[in-house]
Structure formats: structure tokens, C-alpha cells
Amino acid sequence: PQEGRLILERESKEVISAVLPKACMDSFPGLDPAKTPLVSFIRPAILDSDEEARTLGISSGGRKYLVFTSFLPCPGWVVADIIDYEAMAESSAGQAKYFHTGAGMIALLGGFIVLLLLLNYQLARPLKKLLTATERLESGDFTVKINSGLGNELGTLSNAFDNMVIRLHDMYESLQK
């Protein structure tokens, strides 16, 4: 864990309980937590103060720790919560990485949706109009027109279809005479 707790008896200055952050204990394998340099540094800083609550920033063993202390008057204890600041920052960096990855995926998904909508508007709709007009022409309706107004290849195809319908209508009329 990246946090720990130190409980001291204020009068005797004895350590009642010491559970320290993993990084601190990794620096001193096999050593009693109460005898680590971190506890030796924290003890006078919190016991020599008459404040009921205090926040400290401490460096020990090349690492930074945040220490939040509070005095419990009934048993006469000082409780110090110790947080490994660097491990907390590493954890936050990992969370930020996942956040950015998620945000990137959402942006990519949004881009694909916009692309699909554009393809539907620019490709599928004009082709459906052309197919419907072809079916009407096949049934003998020479009044069908697409009038797409597009400036791309589908617009050119639609204009050619409209011209073909006009020519077919004219040929059909001339054959009927």
C-alpha cells in the first residue's frame, strides 16, 4: 500500500502501532517499522507540537511523504496517517493514462460515426434515389427525374440518367407515331 499509520502515546512517546508505506519498508527489509528513519523523523515533529491536528511534508530515504496528524485526548494518542506522495503521483499518472486512452477511443468512435453519416448522405442516399428512379423507368414512367444537384461522380451519373430518360421518352414518342 502507498499509505500507512503511526500511533504514538503522547506522554511516553512510545510507538503503539506502526504500519508504514510499502516503499519505506522496502528500503529497510526485516527492520521493525517503529525503528525506521521515517518514524525517527516523524516522532519529534508531531510529539513536540501542542496542535491537535497538523499536516507535514517529509522527505526520508529519497522519498516524499505527506503526514496528517491528529491528537486523540481520551487515550492520549497521536495518530499520524502517512501517504507516500510519489506512489500517489505514479498512481494518478496511471489513471491519467487510462483516461486519455478512453477519451481517444471515444473521439475515434465519434469520428467513425460522422464518417458513416457522411457516407450515408453522400453515397447511399443518391444510389437509393437512382435505384428507385430506375425501377420507375422500368415500369414505363418516363416522367421520372433524379435532379440530385451533386457535384461529384454520383451527380454526373444522375444527370446522365435524367438525359437518358428524356431521350428514351423522345424515342418512345417517335416510335408510337
Side-chain angles (χ1 to χ4, degrees), residues 1-6 17-29 33 36 38 42 53-70 79-177:
Q2 59 192 18
E3 67 275 336
R5 177 167 284 165
L6 177 64
S17 173
V19 178
L20 300 180
K22 183 179 182 324
C24 178
M25 293 311 299
D26 287 347
S27 299
F28 306 100
T36 61
L38 179 62
I42 292 174
R54 192 170 184 193
T55 302
L56 304 167
I58 294 177
S59 290
S60 176
R63 293 190 72 87
K64 294 179 182 177
Y65 300 95
L66 295 175
V67 181
F68 303 94
T69 65
S70 56
V79 178
D81 289 311
I82 306 164
I83 298 174
D84 184 347
Y85 182 76
E86 292 176 17
M88 186 174 65
E90 291 166 5
S91 173
S92 295
Q95 290 172 353
K97 181 179 92 172
Y98 288 123
F99 173 77
H100 290 293
T101 301
M105 287 180 168
I106 289 171
L108 191 61
L109 181 63
F112 280 131
I113 289 171
V114 168
L115 181 64
L116 287 174
L117 290 173
L118 285 173
L119 283 174
N120 181 44
Y121 182 74
Q122 290 291 323
L123 189 63
R125 285 174 136 187
L127 285 174
K128 185 166 174 68
K129 275 180 154 180
L130 186 60
L131 181 61
T132 304
T134 304
E135 290 169 351
R136 284 178 54 194
L137 179 63
E138 184 181 17
S139 68
D141 182 3
F142 290 106
T143 62
V144 67
K145 288 211 182 253
I146 296 176
N147 297 329
S148 73
L150 295 173
N152 58 16
E153 289 82 4
L154 287 174
T156 304
L157 181 61
S158 298
N159 290 337
F161 180 85
D162 288 343
N163 291 334
M164 180 184 73
V165 169
I166 292 170
R167 285 196 309 268
L168 283 173
H169 183 262
D170 291 343
M171 287 202 278
Y172 184 77
E173 290 287 321
S174 68
L175 286 174
Q176 289 218 343
K177 290 184 188 181

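Leu168 contributes atom CG, which lies 5.0 Å from atom CE of Met171 (distance to the nearest 0.5 angstrom). Atoms CG and OH, on Leu175 and Tyr172 in that order, are 9.0 Å from each other to the nearest 0.5 Å. Atom CZ in Phe112 sits 11.5 Å away from atom CG in Leu119 (nearest 0.5 Å). With rounding to the nearest 0.5 angstrom, the OG atom of Ser174 is 10.5 Å from the NE2 atom of His169. Distance check, rounded to the nearest 0.5 Å: CG of Asn147 to CG of Asn159 gives 8.0 Å. Rounding to the nearest 0.5 angstrom, the gap separating the CG atom in Leu127 from the CG atom in Leu123 is 5.0 Å.
Of all heavy-atom pairs between Lys129 and Ile146, the closest is NZ-O, 4.3 Å. Contact between Val144 and Val165 at its shortest, heavy atoms only, is O-CG1, 3.6 Å. The minimum heavy-atom distance between Leu137 and Met164, with the atom names listed, is CD2-CE, 4.1 Å. Nearest heavy atom pair, residue Gln122 against residue Leu154, reads O-CD1, 3.3 Å. When all heavy atoms of Tyr65 and Ser60 are compared, the closest pair comes out as CE1-O, 3.6 Å. Pro33 approaches Ala18 most closely through the heavy-atom pair CB-O, 3.6 Å.
By the salt bridge (Lys or Arg N to Asp or Glu O under 4.0 Å) test, Asp141 is found to be paired with Arg136, residues two or more places apart in sequence or in another chain being considered. Taking Arg125 as the reference, nothing meets the side-chain hydrogen bond (donor to acceptor under 3.5 Å, both in side chains) condition, with sequence neighbours excluded.
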Please assess Lys128 against Leu130 for the test side-chain contact (heavy atoms from CB on, under 4.5 Å), listing each intermediate value before the final yes or no.
-> CA-CA 5 Å; Lys128 185 166 174 68; Leu130 186 60; over 6 Å; no
Under the side-chain contact (heavy atoms from CB on, under 4.5 Å) criterion, do Thr69 and Val79 qualify, and how do the steps go?
-> CA-CA 6 Å; Thr69 65; Val79 178; over 6 Å; no
Start with the C-alpha gap between Thr36 and Met25, add the side-chain angles, then the distance that decides, and say whether side-chain contact (heavy atoms from CB on, under 4.5 Å) holds.
-> CA-CA 8 Å; Thr36 61; Met25 293 311 299; 4.2 Å; yes
Give the intermediate values and the outcome of side-chain contact (heavy atoms from CB on, under 4.5 Å) for residues Leu56 and Leu66.
-> CA-CA 6 Å; Leu56 304 167; Leu66 295 175; over 6 Å; no
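Between Leu118 and Val114, some side-chain heavy-atom pair lies under the 4.5 Å cut-off. Here the side chains of Asp84 and Arg63 are in contact, with some heavy-atom distance below 4.5 Å. Using a 4.5 Å heavy-atom cutoff, the side chains of Ile83 and Pro21 are not in contact.
Between the side chain of Thr55 and the main chain of Phe68, no donor-acceptor pair closer than 3.5 Å is present. Side-chain atoms of Asp81 never come within 3.5 Å of backbone atoms of Val67 as a donor-acceptor pair (strictly under, hydrogens ignored).
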